[in-house]
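Positions are given from 1 along the sequence. Counting starts at 1 for both ligands and their atoms, following the listed order.
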Amino acid sequence: MIGGGIAGAAACVALSWAGLADGTAWFAPDQPFEDRVGESLPSTAGPILDRLGLSDLVTTGHRPANATFTAWGREALVERNAIVQLRGPGWVLDRPRFEKDLRARAQTVVQRRRETVLTATAEDSVWTITTEYAPPLRARTLVDATGRAAAFVRKFATLRRDDRMAVAYAFPLHRDRTVDPTPATLIEAVADGWWYAALLPDQRLSLAYFSDPDLIPRGLSGDLAMWRDLVSGSPNVSQWIEDAGFTLEDAPSVGSAGTTWIDPPVGMCHGAAWMAIGDAAATFDPLSSHGMTTALWSGARVVDALTPWLANAEPDALTDYANAVSAGVLKFRTDRAQLYGRERRFTGLPFWDRRSQNFNLP
Ligand SMILES: Cc1cc2nc3c(=O)[nH]c(=O)nc-3n(C[C@H](O)[C@H](O)[C@H](O)COP(=O)(O)OP(=O)(O)OC[C@H]3O[C@@H](n4cnc5c(N)ncnc54)[C@H](O)[C@@H]3O)c2cc1C
């Protein structure tokens, strides 16, 4: 198992429930658990957390995601309250805390090796894994949970891409103690992209702007004045920031947020099986909030896919996993095309035209 994010840690927990912990080598280098945009965990993650015995990880320190307001297809905000959702509310996570707790849980059941993996090569049905410090390790299967890098499976499969969406994000502080900020999430479409703002459990705001790299103002990362100017162009988000007394004190960081997937997400190399999970298998437009749920789901699926293979080299379960990922990616792309299609105010502008025409759905 290579990778210590949500997918890798969830897979270790699943493997331990299946009695496979002793045979698992988990490579997960130390990393700081810092702010990371992306804290909306939908209620669909609940049954997966239950199955993994991890439900307690979301009971304290996180916030129920009761209210979401959207300005999509119209300027006025529309509220979607979790009270009308069959599954109830999801969560706005304290993301560093969730990832830290999940990793801590995983390392109580599978020994964590702190090395970064350098190479993985297969010969005669066996993988040889090398790291900087330890002697090479031999394994029958390789699970790539290295996130967007998909560092190892990229050599064996094709990386497919729908778009090159980028994100600029920062975490404004709540300074005005005379106002209680609304515990809500707000999504707002604008001419060149869309905004996401969520009140975090510690009363800061997670603020992110999604657009295409050629549409994001040059030099935005590191330029607070430019960031403030950009925020002021979002009617509802800027209003919330002002009314609730948040201050923009840091220039944003900029990163990737495009939709990509590895085709196929599982396979054989010289008789040795490999499998991609989490972002290494597929990354989704964050509008969907699919990423962490997929990381948990695919981590749990490692057991179903690998147990028959390890027991008697039975490949059908690997194929089932590949089919499930492909079906999930197709459903996501279809739903997303419909969602972007609902915003018609900006027809003719590149961000929206690219999304209405270029998804190349079969
Ligand atoms: C802007 C943005 C907003 C998002 N918002 C949301 C949201 O609101 N809700 C949601 O559910 N999802 C969201 N996501 C997606 C979510 O963050 C990811 O899907 C999720 O973190 C994937 O987890 P992972 O474990 O697959 O990958 P990662 O968290 O990237 O973990 C990969 C791990 O692999 C390790 N690694 C890499 N290379 C090696 C190596 N050679 N050797 C050993 N270890 C290695 C890394 O150190 C890291 O620990 C968002 C994503 C983005 C970009």
*Do T130 and T119 have side-chain N/O donor and acceptor atoms under 3.5 Å apart?*
yes
_Under a 3.5 Å cutoff, is there a donor and acceptor pairing between the side chains of T283 and T260?_
yes
*Is the backbone N or O of H174 less than 3.5 Å from a side-chain atom of R177, with the two atoms forming a donor-acceptor pair by type?*
yes
_Looking at ligand 1, would P29 count as a contact under a 4.0 Å heavy-atom criterion?_
yes
*Checking R342 against Y340: charged group under 6.0 Å from the ring centre and within 45 degrees of the axis?*
no
*Pick whichever of G8, A28, P286, G38 has a heavy atom sitting closest to atom 52 (C) of ligand 1.*
P286
*Determine, using heavy atoms of F152 and all atoms of ligand 1, whether some pair is separated by less than 4.0 Å.*
yes
_Part of F210 within contact of ligand 1 (heavy atoms, under 4.0 Å)_ = side chain
*With heavy atoms only and a cut-off of under 4.0 Å, state how D279 meets ligand 1: side chain, backbone, both or neither.*
both
_Any L41 side-chain heavy atom under 4.5 Å of T293 side chain_ = yes
*Hey, looking at atom 47 (O) of ligand 1, which of E132, M165, Q31 has the closest heavy atom?*
Q31
*Proximity to ligand 1 by part of R113, non-hydrogen separation under 4.0 Å*: neither
_Going by the closest heavy atom to atom 21 (O) of ligand 1, which one wins out of R95, E99, E115, M292?_
R95
*asked:* Strictly less than 4.0 Å: does any protein heavy-atom distance to atom 27 (O) of ligand 1 fall in that range?
replied: yes
_With a 4.0 Å cut-off on heavy atoms, is A145 in contact with ligand 1?_
yes
*Under-4.0 Å heavy-atom contact with ligand 1, by part of A7 that carries it*: both
*Verify the distance criterion only: is there a donor paired with an acceptor across the side chains of Y209 and S234 at less than 3.5 Å?*
no
*Touching ligand 1 at all, L41? Heavy atoms, strictly under 4.0 Å?*
no
_Gap between atom CE of M292 and atom CH2 of W91 - 0.5 Å precision_ = 10.5 Å
*For ligand 1, the portion of E39 having any non-hydrogen atom under 4.0 Å away*: backbone
*Heavy atoms only: give me the nearest V153-A280 pair and the separation to one decimal.*
CG2-O, 4.2 Å
*asked:* Nearest 0.5 angstrom please: T185 OG1 to L199 CG, how far?
replied: 8.5 Å
*Is there a heavy atom of S256 sitting under 4.0 angstrom from any atom of ligand 1?*
yes
